[in-house]
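Notes for the one structure printed next.
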Amino acid sequence: MLDVDKMDTQVIEPLVDLPQLRTEAFRRVNEETYLIGTRSKSTGQVAYPGIRFAYGNCREDCEASMIGPRGTLYSFTRLGPLKDHPTPTVLGYVDFSGDVRVFARIRGVCKYSELRCDLPVMLNSDDSDWWVEPITGD
Amino acid sequence: MSDAYIVGAAMTRFGKYETSSYSAIGMPVVRSALQRANVEIDDVNAVFCGNLFGGSLTGQRIVRDLGMGGIPIFNVEDACSSSGVALHLAVAAVRAQKLDVAIVVGVEKLSKFGGGPIPMTEEDYEAQRGVVMPAVYAMRAQRFLFERKVNKETLAKVTVKSRHCAVENPYAQFRKETTIEEVMASRTIADPLTLFQCCPTGDGAACLVIMSEKKMRASNVRAVRIKASIVHSGQPTTGFRDMTKPEITARSSSDAYAEAGISPKDLDIVELHDAFTIAELIYYEALGLCEEGGSIAFLESGQSTFGGQVVVNPSGGLLSRGHPVGATGAAQAAEIYWQLTNQAGNRQVAGAKLALSHVTGGGIGRLDHGACTVHIYEAAT
C-alpha cells in the first residue's frame, strides 16, 4: 500500500541548457586556449560540452575542468561547398588527455593535404569562438 | 507465443515526388500490400508507421484515406531506423499474441528540403558546430583509409557494385551502371566522399503485412518467418570511440544471430545500411560477414555479391535504391520478402533461404548511432 506521506511530490524543474550550448565555454590563459568542460568527482569522466550528471551513477558531482591546450586529431574532413554550406569548412574530432573527445572546427591549415589522422593540434581562439590548429615545428 | 510472418509487401519506386503529400506517397503502398496479402481493411488490428519528417499523425493521415481508423496506430521515429523499429514493434506485438494482423509502413519525403544533407537536430551540440551526416561518415572513412593504408578509390568500388545490382531493381532511384572513374570524378561532398558515394535524397514508401502463425496458416499467402528482431540504441561516451568499429551494429547483430540460432555464414542475403560507401565496408566486419580487417578483400574478391558467399544489397542498397529515411527499414524487409518468396525477378538470388536486414539511425553526438535494428528472415515452407 502506498504511503502517501512518504511520496516525493517535489516539482521537478528542467535544466536550462540552451543558452549555454550557444555560449562557447573556453578561456584564454597566458595566450593559451583551454576549453571549460566538466569532470565527475566520482567517475573521473571528463566531458565537453560539460555535463551535469555523471554517466552511469547519475551523481550531480561534475565540476569545471580545463581541457587542452594540446590534443590529437582523430579524424577530419573538408565539408562542401554545399547548398547550405557555400564555404568549405574543415571539421574534425580531437582527442584530449583525460579521455575526452571534442568535435572541432579546424583553422590555420595552409594546405588541406597536410592534415592527417593523429596529427598534434592546439586550441586557439578569439573573442567569440575557439578552434584547433595543426601544431607546426614539433 | 506466436511466430510472426511477412505475408505481403509493396513499395513505390524511390525518387522525387514533389507534388505528392506523405499520405499520397504512403497510401497506395498500404492498399497494394493489403490486396497482395488478401487482407481486408477490417482484418487489420494495428498500424505501425515509421518516418522522421512527416509531422503529426503521419500514420493516421496515410490510412485515413482508405477509411482505416479506430485501431491503434503507432507513429515511430528513430531517424533512419524508424520503419525498422516499427517492424520490430509489430513483430513483438504479434509474437505476444496481442495482434493477428499488423501493417508496417515506412514513408519519407526528403525532396521538400530542396536537396543537400538532411537537417540535423538543432539542439544537439555537434549540429550547432556544423556537423552533418556526410561529415560524420567522411571522418569515419578518413580514419579507415589511414589505418588500413588504402587509397580513396577503394571506397568507390562499393558504388560500382551497388549500381550494378540496382540495374535490375525497378524500385531503385539509380539504375545505371557506373565506373570507379565516374564515382571519383563526381563532386566532393565531404572529403573523401564524393557525390556518388553518398545515398541520394529522395521520397518513397514501403509497406509490409505482418501476420501471426495462426492467421497465416488459415490464409492463402506466401510467407517469410521473422526469426530475429533486435533494436539497440548507441552507448553514449564523452571520450574515445573507434569510428571504424560500429559497436551498435556489432551488438545488435550478435543478439540477432543468437535469437535466430544461426551464424553469419548461414546468410544468403544481407540488406545493410550503406548510406555511404564506407558504411558497407565497416558493416561487413561488424555483421561478422568477414573477419576483422577483411572487408576490402571481401568486396574485391566478389564474396559480397551474386556468385559470392552472400549477396549484400541485391536491391542496390541505400546508395542506389535510395534512402527516404523513414521508408528504408520497411523497404529492406520488402526486398527480402520478395527474395525469399522467389518474386525478385531478374535480381533474384537463387535458392535464398536466410536473410538479414540492418538499418541504423544516427545524427546526434556522443553515440555511434542513435538506433540500430537488425532482423533475420527465413523462407517459410
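Naming convention: chains lettered A, B, ... in sequence-line order (proteins, then strands); numbering from 1 in each chain.
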Legend entry - Pair B/Ile189-A/Leu82, side chain to side chain contact (heavy atoms under 4.5 Å, CB included): steps then yes or no: CA-CA 7 Å; B/Ile189 300 299; A/Leu82 301 176; 3.9 Å; yes
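- With respect to chain B, the highest number of heavy-atom pairs below 4.5 Å among A/Val102, A/Asp118, A/Val100, A/Thr89 belongs to A/Asp118.
- Between atom OG1 of residue A/Thr77 and atom CG of residue B/Leu193 there is a gap of 7.0 Å, rounded to the nearest 0.5 Å.
- Atom-to-atom distance recorded for A/Arg101:CZ and B/Thr237:OG1 is 8.5 Å, nearest 0.5 angstrom.
- A 4.5 Å side-chain heavy-atom check between A/Ile51 and B/Arg366 finds at least one atom pair inside the cut-off.
- Within residues 134-150 of chain B, the residues having any heavy atom under 4.5 Å from a heavy atom of chain A are, by residue number, B/Ala135, B/Ala138, B/Met139, B/Gln142, B/Arg143, B/Phe146.
- With a 4.5 Å cut-off on non-hydrogen atoms, B/Val132 touches chain A through its side chain but not through its backbone.
- Residue A/Pro88 does not touch chain B at all, counting heavy-atom pairs closer than 4.5 Å.
- Heavy atoms from other residues, nucleotides or ligands lying under 6.0 Å from CD of B/Glu292 number 12 at most.
- Of the two parts of A/Phe96, neither the backbone nor the side chain holds a non-hydrogen atom closer than 4.5 Å to a non-hydrogen atom of chain B.
- Looking at A/Tyr55, only its side chain comes within 4.5 Å of chain B, counting heavy atoms on both sides.
- For a residue to count as touching a neighbouring chain, one of its non-hydrogen atoms must lie under 4.5 Å from one of that chain's; by this rule A/Val46 touches chain B with the backbone only.
- The number of heavy atoms from other shown groups lying within 6.0 Å of CD (A/Glu31) does not exceed 12.
- With a 4.5 angstrom heavy-atom cutoff, A/Leu79 touches chain B via backbone and side-chain atoms both.
- Of residues 238-249 of chain B, those residues with a non-hydrogen atom less than 4.5 Å from any non-hydrogen atom of chain A are, in numerical order, B/Thr238, B/Gly239, B/Phe240, B/Arg241, B/Asp242, B/Met243, B/Thr244.
- From A/Phe76, atom CZ reaches atom CG of B/Asp191 across 7.0 Å, with rounding to the nearest 0.5 Å.
- Within 6.0 Å of the CZ atom in A/Arg59, the count of heavy atoms belonging to other residues, nucleotides or ligands does not exceed 12.
- The line from CZ of B/Arg129 to CZ of A/Phe103 is 8.5 Å long, rounded to the nearest 0.5 Å.
- Interface remark: B/Pro236 contributes backbone and side-chain atoms alike to the contact with chain A (heavy atom separation under 4.5 Å).
- Crowding of B/Lys176 atom NZ: a count of heavy atoms from other residues, nucleotides or ligands under 6.0 Å not exceeding 12.
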